[in-house]
Amino acid sequence: MNEDLAFTFGISVGLISEIFTTLLFFLASELKALFEMADCGPAVDGVPSVYRNVSDLRIVIDCTELMLQKPSDLQDRKETFSFYKHHDTVKFLLGMSPQLFVNYVSQAWGGRASDKHITMHSESFLSGLTLGNQVIADRGFTVNDELRQLGVRTIIPAFKGRGRPQLTKTECAKSEDIAKARIHIERIIQRIRTFHILGSVVRLNMTDVIEQLFTVCAYLTNFQTPIIQNNELKTSQCNYI
């Protein structure tokens with residue numbers, strides 16, 4: 001692509017690469033400043049009803065991974081190998097507001113990093129939470145105690161543990177409701193992955209810009225059509241408080 005652009009505009013391939021990188025970093029910075037941990041107020045009209053009965057819901061979080069070309073350095077492979085994906089990956093923490101727009105993208109991490117590690121080392125995420133906020137997450141985010149110290153409540157599905165054969169009926173119902181609330185961030189992640197530049201294995205020569213690439217693609221989904229139809233706003237409310 002760089003060669004085609006260089007030929008079209010009569011400039012060098014190096015200059016094309018420099019222009020692209022400059023604009024990419026500019027967009028990433030501006031979009032982050034516009035959306036990161038933005039608070040649009042309480043979840044009321046115009047949002048899925050699964051969020052309306054959660055007072056002070058600030059963000060729904062999840063992690064996603066992009067396949068990465070295998071590094072030749074053994075230490076790098078140790079940091080990037082994901083036991084979940086059984087492949088070398090780049091991993092991001094993603095956040096979505098109750099109004100269904102992306103409002104947090106973390107720095108890039110190697111696939112080895114756990115959801116908890118990424119969350120507790122995302123300073124801009126933690127500093128954006130305030131006393132009384134609530135966060136919806138998956139089971140992998142075992143950050144209840146840490147966020148409770150900040151005055152933030154984490155809503156996650158119940159754990160069965162080893163001391164009992166199954167969840168209670170109430171726990172099953174709450175976990176199902178939380179899954180319904182989380183489905184929207186999974187749909188956001190699917191939309192981000194439709195960007196062609198993220199659709200293949202990340203090459204090693206892209207690692208210096210993959211964080212900015214993913215950040216731009218993630219925040220650009222906020223300018224696309226809503227991920228739900230109007231009739232989906234009328235679904236019954238869930239109770240997982």
Side-chain angles (χ1 to χ4, degrees), residues 1-38 61-82 84-97 99-113 118 121-125 184-228:
M1 179 183 292
N2 284 358
E3 289 78 5
D4 292 339
L5 290 172
F7 177 78
T8 300
F9 293 100
I11 56 179
S12 68
V13 173
L15 183 55
I16 287 291
S17 179
E18 183 179 339
I19 293 172
F20 174 80
T21 303
T22 299
L23 290 176
L24 177 66
F25 275 71
F26 172 77
L27 272 176
S29 176
E30 291 298 305
L31 290 171
K32 185 180 286 287
L34 180 62
F35 290 113
E36 186 170 87
M37 297 305 290
I61 58 175
D62 200 1
C63 280
T64 187
E65 299 179 64
L66 303 177
M67 297 298 179
L68 176 69
Q69 183 181 354
K70 183 182 294 185
S72 57
D73 184 82
L74 291 179
Q75 182 60 35
D76 289 342
R77 290 182 61 184
K78 179 180 178 181
E79 297 298 326
T80 61
F81 187 79
S82 169
Y84 178 70
K85 295 290 186 179
H86 302 289
H87 197 282
D88 295 280
T89 65
V90 181
K91 191 171 184 179
F92 296 91
L93 172 67
L94 193 77
M96 180 195 73
S97 74
Q99 292 80 13
L100 304 182
F101 66 83
V102 176
N103 65 348
Y104 189 77
V105 181
S106 75
Q107 69 181 76
W109 292 83
R112 183 187 180 188
I118 296 175
H121 287 81
S122 297
E123 295 182 5
S124 55
F125 167 73
H184 297 301
I185 192 169
E186 294 173 2
R187 295 166 75 175
I188 288 286
I189 290 173
Q190 290 175 359
R191 175 170 285 191
I192 295 171
R193 290 179 175 274
T194 63
F195 283 89
H196 181 70
I197 200 167
L198 300 178
S200 58
V201 176
V202 177
R203 300 190 304 274
L204 292 179
N205 62 1
M206 293 176 59
T207 54
D208 290 340
V209 298
I210 189 57
E211 181 178 316
Q212 287 71 31
L213 272 174
F214 186 84
T215 297
V216 170
C217 291
Y219 284 130
L220 283 180
T221 62
N222 293 338
F223 298 96
Q224 297 178 343
T225 55
I227 61 172
I228 63 174

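The structure presented is a predicted model; accordingly, all values stated were derived computationally and were not measured. The basis for the numbers below is simple: all heavy atoms, side chains too, and nothing from hydrogens, waters or symmetry mates.
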Side chain to side chain contact (heavy atoms under 4.5 Å, CB included) assessment of Leu94 paired with Ile192: CA-CA 11 Å; Leu94 193 77; Ile192 295 171; 3.7 Å; yes
For Thr221, enumerate each residue passing the side-chain hydrogen bond (donor to acceptor under 3.5 Å, both in side chains) test, keeping only those at least two apart in sequence or located in another chain. none
Indicate yes or no: at least one non-hydrogen side-chain atom of Phe81 is less than 4.5 angstrom from one of Arg112. no
Would you please name every residue forming a ring pair (Phe, Tyr, Trp, His ring centres under 6.0 Å) with His87, sequence neighbours left out? none
Enter the distance from Ser97:OG to Ile185:CD1 here, rounded to the nearest 0.5 Å. 10.0 Å
Might you point out which heavy atoms bring Ile189 and Cys63 nearest each other, and give the distance in Å? CD1-O, 4.4 Å
For Arg193, all residues meeting side-chain hydrogen bond (donor to acceptor under 3.5 Å, both in side chains), sequence neighbours excluded: Thr64
Quick one: does Phe195's side chain get under 4.5 Å of Leu220's, heavy atoms only? yes
Using salt bridge (Lys or Arg N to Asp or Glu O under 4.0 Å) as the criterion, list what pairs up with Glu186, not counting sequence neighbours. Arg182
What's the spacing between Gln107 CD and Gln212 CD if we round to 0.5 Å? 10.5 Å
Is the shortest side-chain heavy-atom distance between Leu31 and Val105 below 4.5 Å? no
Applying side-chain hydrogen bond (donor to acceptor under 3.5 Å, both in side chains) to Thr194 and not counting sequence neighbours gives none
For Ala218 against Val102, the heavy-atom pair lying closest together: O-CG2, 3.6 Å
List the atom of Ala38, the atom of Asn103, and the distance in Å for their closest heavy-atom pair. O-ND2, 3.7 Å
Residues, nucleotides or ligands: over 12 heavy atoms within 6.0 Å of Glu123 CD: no
Set of residues satisfying side-chain contact (heavy atoms from CB on, under 4.5 Å) with respect to Thr80, sequence neighbours excluded: Leu68, Pro71, Asp88
For residues 9-28, which side-chain N or O atoms pair as donor and acceptor with protein atoms under 3.5 Å away, sequence neighbours left out?
residue: Ser12; atom: OG; partner: Leu15; partner atom: N; Å: 3.1
residue: Thr21; atom: OG1; partner: Ser17; partner atom: O; Å: 2.9
residue: Thr22; atom: OG1; partner: Glu18; partner atom: O; Å: 2.8

Test side-chain hydrogen bond (donor to acceptor under 3.5 Å, both in side chains) applied to Thr89 - qualifying residues, sequence neighbours left out: Glu65
Enumerate the side-chain hydrogen bond (donor to acceptor under 3.5 Å, both in side chains) contacts for residues 66-75, please, sequence neighbours excluded, ordered by first and then second residue. Gln75-Glu79
Correct closest heavy-atom pair for Leu204 and Thr207 would be O-OG1, 2.9 Å
Over all atoms of both residues, closest heavy-atom pair of Ile188 and Met96: CG1-SD, 3.9 Å
Any pair with a residue in residues 196-223 that passes ring-ring contact (aromatic ring centres under 6.0 Å, His included), sequence neighbours left out, goes on the list, sorted by first then second residue, please. Phe35-Tyr219, Phe35-Phe223, Phe92-Phe214
Of all residues at least two apart in sequence or in a different chain, which pass the salt bridge (Lys or Arg N to Asp or Glu O under 4.0 Å) check with Glu36? Lys32
Nearest heavy-atom approach of Gly95 to Ile61 is CA-CG2, 4.2 Å
Can you measure from OG (Ser122) to CG (Leu93) and round to the nearest 0.5 angstrom? 5.0 Å
State the CD-CZ distance between Gln224 and Phe101, to the nearest 0.5 angstrom. 15.0 Å
Let me confirm one number: the CG-CD1 distance from Leu66 to Ile210, rounded to the nearest 0.5 Å. 5.5 Å
